[in-house]
Amino acid sequence: MRSKPLNLYQQRIDKNKSFLMYTTAVLIFGIGFTYASVPLYRMFCQTTGFSGTPITNSSKFSPERLVPAKESRRIRVHFNADTSLALDWSFIPQQRDVRVLPGETALAFYTAKNNSDQDIIGLATYNVTPHKAGQYFNKIQCFCFEEQKLQAGEAVDMPVFFFIDPEFAEDPLMRDVDTITLSYTFFKAKYDNNGTLIPVPTS
Amino acid sequence: MSFGRPPNISTFNPTPPEKGSFPLDHEGECKQFVKEYLECLKKNQGNNGNCRHLSKAYLKCRMDKGLMTPEEMKNLGFQDVEIKKD
(Lines give C-alpha, C1' and ligand atoms only; values in the text may rest on other atoms or scores of the structure.)
Protein backbone atom coordinates (compact mmCIF):
# COMPACT_ATOMS: atom_id res chain seq x y z
CA MET A 1 0.00 0.00 0.00
CA ARG A 2 1.38 3.34 -1.06
CA SER A 3 1.64 5.84 1.77
CA LYS A 4 2.22 8.79 -0.56
CA PRO A 5 0.60 9.90 -3.80
CA LEU A 6 2.43 8.87 -7.00
CA ASN A 7 3.82 12.28 -8.02
CA LEU A 8 5.34 12.97 -4.58
CA TYR A 9 6.93 9.51 -4.65
CA GLN A 10 8.27 10.29 -8.09
CA GLN A 11 9.63 13.61 -6.86
CA ARG A 12 11.38 11.82 -4.05
CA ILE A 13 12.97 9.41 -6.52
CA ASP A 14 14.12 12.35 -8.67
CA LYS A 15 15.51 14.21 -5.66
CA ASN A 16 17.42 11.15 -4.58
CA LYS A 17 18.74 10.67 -8.08
CA SER A 18 20.00 14.24 -8.36
CA PHE A 19 21.45 13.97 -4.87
CA LEU A 20 23.27 10.85 -5.97
CA MET A 21 24.54 12.65 -9.08
CA TYR A 22 25.84 15.55 -7.04
CA THR A 23 27.51 13.25 -4.54
CA THR A 24 29.15 11.22 -7.28
CA ALA A 25 30.34 14.41 -8.96
CA VAL A 26 31.84 15.67 -5.70
CA LEU A 27 33.52 12.33 -5.13
CA ILE A 28 35.03 12.29 -8.62
CA PHE A 29 36.17 15.89 -8.24
CA GLY A 30 37.70 15.08 -4.85
CA ILE A 31 39.64 12.10 -6.20
CA GLY A 32 40.74 14.05 -9.28
CA PHE A 33 41.88 17.00 -7.18
CA THR A 34 43.89 14.69 -4.91
CA TYR A 35 45.73 13.32 -7.91
CA ALA A 36 46.22 16.74 -9.45
CA SER A 37 47.45 18.34 -6.24
CA VAL A 38 50.90 16.78 -6.53
CA PRO A 39 51.96 18.49 -9.77
CA LEU A 40 49.99 21.61 -8.86
CA TYR A 41 51.82 21.91 -5.54
CA ARG A 42 55.12 21.41 -7.26
CA MET A 43 54.33 24.21 -9.72
CA PHE A 44 53.25 26.47 -6.87
CA CYS A 45 56.46 25.83 -4.96
CA GLN A 46 58.66 26.49 -7.92
CA THR A 47 57.03 29.80 -8.72
CA THR A 48 56.82 31.16 -5.22
CA GLY A 49 59.79 29.46 -3.60
CA PHE A 50 57.51 28.33 -0.79
CA SER A 51 59.14 26.46 2.08
CA GLY A 52 62.66 26.96 0.77
CA THR A 53 62.36 25.71 -2.80
CA PRO A 54 65.20 27.27 -4.78
CA ILE A 55 63.90 29.58 -7.48
CA THR A 56 65.99 28.82 -10.52
CA ASN A 57 64.96 31.76 -12.59
CA SER A 58 67.64 32.44 -15.15
CA SER A 59 66.04 35.58 -16.52
CA LYS A 60 67.81 37.38 -13.69
CA PHE A 61 71.09 36.63 -15.43
CA SER A 62 70.29 37.84 -18.93
CA PRO A 63 73.01 40.05 -20.49
CA GLU A 64 70.86 43.22 -20.42
CA ARG A 65 70.77 43.08 -16.64
CA LEU A 66 74.51 42.62 -16.29
CA VAL A 67 75.22 46.28 -16.99
CA PRO A 68 76.83 48.42 -14.28
CA ALA A 69 74.50 51.12 -12.99
CA LYS A 70 76.93 53.99 -13.33
CA GLU A 71 74.84 56.55 -11.42
CA SER A 72 74.69 54.42 -8.26
CA ARG A 73 77.08 54.46 -5.38
CA ARG A 74 79.53 51.62 -4.99
CA ILE A 75 78.49 49.00 -2.51
CA ARG A 76 81.16 47.39 -0.39
CA VAL A 77 80.98 43.60 -0.41
CA HIS A 78 82.87 42.27 2.56
CA PHE A 79 84.09 38.68 2.63
CA ASN A 80 84.06 36.30 5.53
CA ALA A 81 85.25 32.71 5.82
CA ASP A 82 84.62 30.01 8.39
CA THR A 83 85.29 26.34 8.72
CA SER A 84 83.62 23.77 10.87
CA LEU A 85 85.74 22.48 13.76
CA ALA A 86 85.87 19.04 12.20
CA LEU A 87 87.50 20.39 9.05
CA ASP A 88 91.27 20.79 9.21
CA TRP A 89 91.50 23.37 6.45
CA SER A 90 92.67 26.97 6.41
CA PHE A 91 90.04 28.87 4.55
CA ILE A 92 90.48 32.61 4.09
CA PRO A 93 89.30 35.33 1.72
CA GLN A 94 92.03 36.74 -0.51
CA GLN A 95 90.63 40.24 -0.41
CA ARG A 96 88.92 41.97 2.45
CA ASP A 97 86.30 43.62 0.31
CA VAL A 98 85.37 44.59 -3.20
CA ARG A 99 83.37 47.70 -4.11
CA VAL A 100 80.86 47.11 -6.87
CA LEU A 101 78.08 48.92 -8.65
CA PRO A 102 74.70 47.19 -8.97
CA GLY A 103 74.73 45.16 -12.16
CA GLU A 104 78.52 45.02 -12.28
CA THR A 105 79.87 41.47 -12.32
CA ALA A 106 82.78 40.93 -9.98
CA LEU A 107 85.23 38.24 -9.04
CA ALA A 108 86.44 37.40 -5.55
CA PHE A 109 88.81 34.74 -4.31
CA TYR A 110 89.09 32.53 -1.30
CA THR A 111 91.98 30.20 -0.63
CA ALA A 112 91.57 26.84 1.01
CA LYS A 113 94.45 24.71 2.24
CA ASN A 114 94.15 21.17 3.46
CA ASN A 115 96.40 21.07 6.51
CA SER A 116 95.88 17.42 7.26
CA ASP A 117 97.61 14.36 5.85
CA GLN A 118 94.49 12.92 4.23
CA ASP A 119 92.34 13.82 1.25
CA ILE A 120 89.28 15.60 2.56
CA ILE A 121 86.03 16.57 0.91
CA GLY A 122 84.54 19.89 1.90
CA LEU A 123 81.12 21.30 1.26
CA ALA A 124 80.47 25.00 1.49
CA THR A 125 77.40 27.03 2.15
CA TYR A 126 77.03 30.75 2.34
CA ASN A 127 75.09 33.52 3.99
CA VAL A 128 74.46 37.13 3.06
CA THR A 129 73.89 39.94 5.54
CA PRO A 130 72.01 42.25 5.92
CA HIS A 131 69.19 39.82 5.49
CA LYS A 132 67.12 42.13 3.33
CA ALA A 133 69.92 42.52 0.82
CA GLY A 134 70.24 38.75 0.33
CA GLN A 135 67.62 38.68 -2.41
CA TYR A 136 69.77 40.99 -4.56
CA PHE A 137 72.92 38.95 -4.29
CA ASN A 138 73.17 36.84 -7.43
CA LYS A 139 75.89 34.28 -7.86
CA ILE A 140 76.84 33.35 -11.37
CA GLN A 141 79.39 30.77 -10.38
CA CYS A 142 81.13 29.85 -7.17
CA PHE A 143 82.32 26.85 -5.21
CA CYS A 144 79.39 26.26 -2.91
CA PHE A 145 76.88 23.42 -2.74
CA GLU A 146 79.09 20.97 -4.59
CA GLU A 147 81.78 18.87 -2.96
CA GLN A 148 85.31 20.12 -3.25
CA LYS A 149 88.03 17.58 -2.67
CA LEU A 150 91.43 18.71 -1.54
CA GLN A 151 94.33 16.33 -1.36
CA ALA A 152 96.56 16.24 1.69
CA GLY A 153 98.51 19.46 1.94
CA GLU A 154 96.91 20.97 -1.17
CA ALA A 155 96.05 24.65 -1.43
CA VAL A 156 93.72 25.97 -4.08
CA ASP A 157 92.09 29.25 -5.12
CA MET A 158 88.33 29.26 -5.01
CA PRO A 159 86.64 32.01 -7.00
CA VAL A 160 83.20 33.50 -6.58
CA PHE A 161 81.70 35.27 -9.58
CA PHE A 162 78.71 37.38 -8.64
CA PHE A 163 76.84 40.61 -9.11
CA ILE A 164 74.38 42.71 -7.19
CA ASP A 165 71.05 42.84 -8.96
CA PRO A 166 70.44 46.21 -10.65
CA GLU A 167 67.05 46.35 -8.93
CA PHE A 168 68.96 47.01 -5.73
CA ALA A 169 69.37 50.60 -6.84
CA GLU A 170 65.60 51.03 -7.22
CA ASP A 171 64.63 49.63 -3.83
CA PRO A 172 64.05 52.36 -1.23
CA LEU A 173 64.58 49.85 1.58
CA MET A 174 68.14 49.37 0.39
CA ARG A 175 69.08 53.02 0.62
CA ASP A 176 70.83 52.53 3.95
CA VAL A 177 72.73 49.45 2.82
CA ASP A 178 76.34 50.32 2.03
CA THR A 179 78.00 47.07 3.00
CA ILE A 180 76.95 43.57 2.18
CA THR A 181 78.78 40.73 3.87
CA LEU A 182 79.20 37.40 2.19
CA SER A 183 80.12 34.59 4.57
CA TYR A 184 81.18 31.19 3.40
CA THR A 185 81.40 28.24 5.74
CA PHE A 186 83.09 25.00 4.84
CA PHE A 187 81.94 21.75 6.36
CA LYS A 188 83.59 18.38 6.21
CA ALA A 189 81.84 15.70 4.22
CA LYS A 190 82.54 12.11 3.37
CA TYR A 191 81.01 9.25 1.47
CA ASP A 192 79.33 6.65 3.63
CA ASN A 193 79.07 2.92 2.85
CA ASN A 194 76.17 3.49 0.48
CA GLY A 195 78.06 6.05 -1.57
CA THR A 196 76.04 9.00 -0.32
CA LEU A 197 77.77 12.20 0.64
CA ILE A 198 77.06 13.00 4.27
CA PRO A 199 78.29 15.83 6.45
CA VAL A 200 80.66 15.01 9.26
CA PRO A 201 79.44 16.54 12.49
CA THR A 202 81.81 18.49 14.71
CA SER A 203 82.72 15.74 17.13
CA MET B 1 63.77 22.04 9.94
CA SER B 2 61.30 24.87 9.58
CA PHE B 3 58.85 23.36 12.06
CA GLY B 4 58.64 24.48 15.64
CA ARG B 5 60.32 27.85 15.35
CA PRO B 6 58.59 30.98 16.60
CA PRO B 7 56.70 32.81 13.86
CA ASN B 8 58.11 35.81 12.02
CA ILE B 9 61.70 34.59 12.04
CA SER B 10 62.88 35.68 8.62
CA THR B 11 65.18 33.04 7.23
CA PHE B 12 67.83 33.27 4.59
CA ASN B 13 67.55 30.68 1.85
CA PRO B 14 70.84 30.12 0.06
CA THR B 15 70.36 29.50 -3.61
CA PRO B 16 72.62 27.53 -5.91
CA PRO B 17 74.74 29.54 -8.33
CA GLU B 18 73.40 29.98 -11.82
CA LYS B 19 76.21 28.26 -13.64
CA GLY B 20 77.05 25.81 -10.90
CA SER B 21 80.42 25.32 -9.32
CA PHE B 22 83.85 26.25 -10.65
CA PRO B 23 86.06 23.19 -11.15
CA LEU B 24 89.01 23.48 -8.82
CA ASP B 25 92.20 24.79 -10.37
CA HIS B 26 94.39 22.10 -8.78
CA GLU B 27 97.45 22.90 -10.86
CA GLY B 28 97.17 26.62 -10.40
CA GLU B 29 97.10 27.20 -14.14
CA CYS B 30 95.43 30.57 -13.84
CA LYS B 31 97.21 31.66 -10.68
CA GLN B 32 99.04 34.49 -12.43
CA PHE B 33 95.75 36.12 -13.34
CA VAL B 34 94.56 35.75 -9.76
CA LYS B 35 97.68 37.55 -8.53
CA GLU B 36 97.29 40.37 -11.03
CA TYR B 37 93.65 40.87 -10.16
CA LEU B 38 94.29 40.91 -6.41
CA GLU B 39 97.14 43.41 -6.83
CA CYS B 40 94.88 45.63 -8.89
CA LEU B 41 92.22 45.49 -6.20
CA LYS B 42 94.78 46.45 -3.54
CA LYS B 43 95.97 49.40 -5.59
CA ASN B 44 92.45 50.62 -6.22
CA GLN B 45 91.13 50.14 -2.67
CA GLY B 46 88.82 47.37 -3.78
CA ASN B 47 87.23 49.36 -6.57
CA ASN B 48 86.02 46.68 -8.93
CA GLY B 49 85.43 49.07 -11.80
CA ASN B 50 89.13 49.51 -12.55
CA CYS B 51 89.97 45.83 -12.36
CA ARG B 52 87.26 44.28 -14.49
CA HIS B 53 89.57 43.72 -17.43
CA LEU B 54 91.64 41.45 -15.20
CA SER B 55 88.54 39.52 -14.07
CA LYS B 56 87.70 39.04 -17.71
CA ALA B 57 91.24 37.82 -18.40
CA TYR B 58 91.02 35.35 -15.51
CA LEU B 59 87.75 33.90 -16.73
CA LYS B 60 89.12 33.69 -20.24
CA CYS B 61 92.12 31.77 -18.87
CA ARG B 62 89.75 29.35 -17.18
CA MET B 63 87.80 28.82 -20.37
CA ASP B 64 90.98 28.27 -22.38
CA LYS B 65 92.31 25.72 -19.91
CA GLY B 66 89.03 23.85 -19.71
CA LEU B 67 88.28 24.95 -16.16
CA MET B 68 85.06 26.65 -17.12
CA THR B 69 82.42 25.98 -19.74
CA PRO B 70 82.96 28.52 -22.49
CA GLU B 71 80.49 31.36 -22.29
CA GLU B 72 80.12 34.55 -24.24
CA MET B 73 81.63 37.47 -22.39
CA LYS B 74 78.49 39.51 -22.73
CA ASN B 75 76.55 36.84 -20.85
CA LEU B 76 78.98 37.37 -18.01
CA GLY B 77 78.53 41.12 -17.98
CA PHE B 78 81.76 42.01 -19.77
CA GLN B 79 80.35 43.45 -22.98
CA ASP B 80 82.00 46.82 -22.42
CA VAL B 81 85.34 45.67 -21.05
CA GLU B 82 88.48 45.28 -23.14
CA ILE B 83 91.10 42.81 -21.84
CA LYS B 84 94.19 44.83 -22.68
CA LYS B 85 93.67 48.03 -20.77
CA ASP B 86 97.27 49.19 -20.36
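Note that the structure is predicted; figures quoted are calculated from it, not measured.
Checked against the 6.0 Å centroid threshold, A:F109 and B:Y58 count as a close aromatic pair.
Scored by the ring-ring contact (aromatic ring centres under 6.0 Å, His included) test, A:F145 finds no partners at all (sequence neighbours excluded). Here A:E167 pairs with A:R65 under the salt bridge (Lys or Arg N to Asp or Glu O under 4.0 Å) rule; sequence neighbours left out.
Along residues 169-189 of chain A, no residue comes nearer than 4.5 angstrom to chain B, judged on non-hydrogen atoms. Interface with chain B: from residues 91-105 of chain A, residues A:Q94, A:Q95, A:D97, A:V98, A:R99, A:V100, A:E104, A:T105 qualify, criterion being any non-hydrogen pair under 4.5 Å.
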From CA spacing to verdict: side chain to side chain contact (heavy atoms under 4.5 Å, CB included), A:Q151, B:H26: CA-CA 9 Å; A:Q151 295 177 326; B:H26 289 281; 5.6 Å; no
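Proximity of B:N48 to A:R74: side-chain heavy atoms (C-beta onward) are separated by under 4.5 Å at one or more points. No side-chain heavy atom of A:C142 sits less than 4.5 Å from a side-chain heavy atom of B:S21.
For chain B, the nearby part of A:K149 is the backbone; its heavy atoms alone come within less than 4.5 Å. Contacts between B:L76 and chain A at a heavy-atom distance below 4.5 Å involve backbone atoms as well as side-chain atoms. For A:V77, no part lies under 4.5 angstrom from a heavy atom of chain B.
When each of B:E72, B:R62, B:K19 is checked for heavy-atom pairs under 4.5 Å with chain A, B:K19 comes out on top. Highest contact tally toward chain A, considering only B:K31, B:K42, B:E27, is held by B:K31 [criterion: heavy-atom pairs under 4.5 Å].
Between atom CE of residue A:M158 and atom CG of residue B:D25 there is a gap of 11.0 Å, rounded to the nearest 0.5 Å.
The two atoms that bring A:L107 and B:Y37 nearest to each other are O-OH, 2.5 Å, heavy atoms only.
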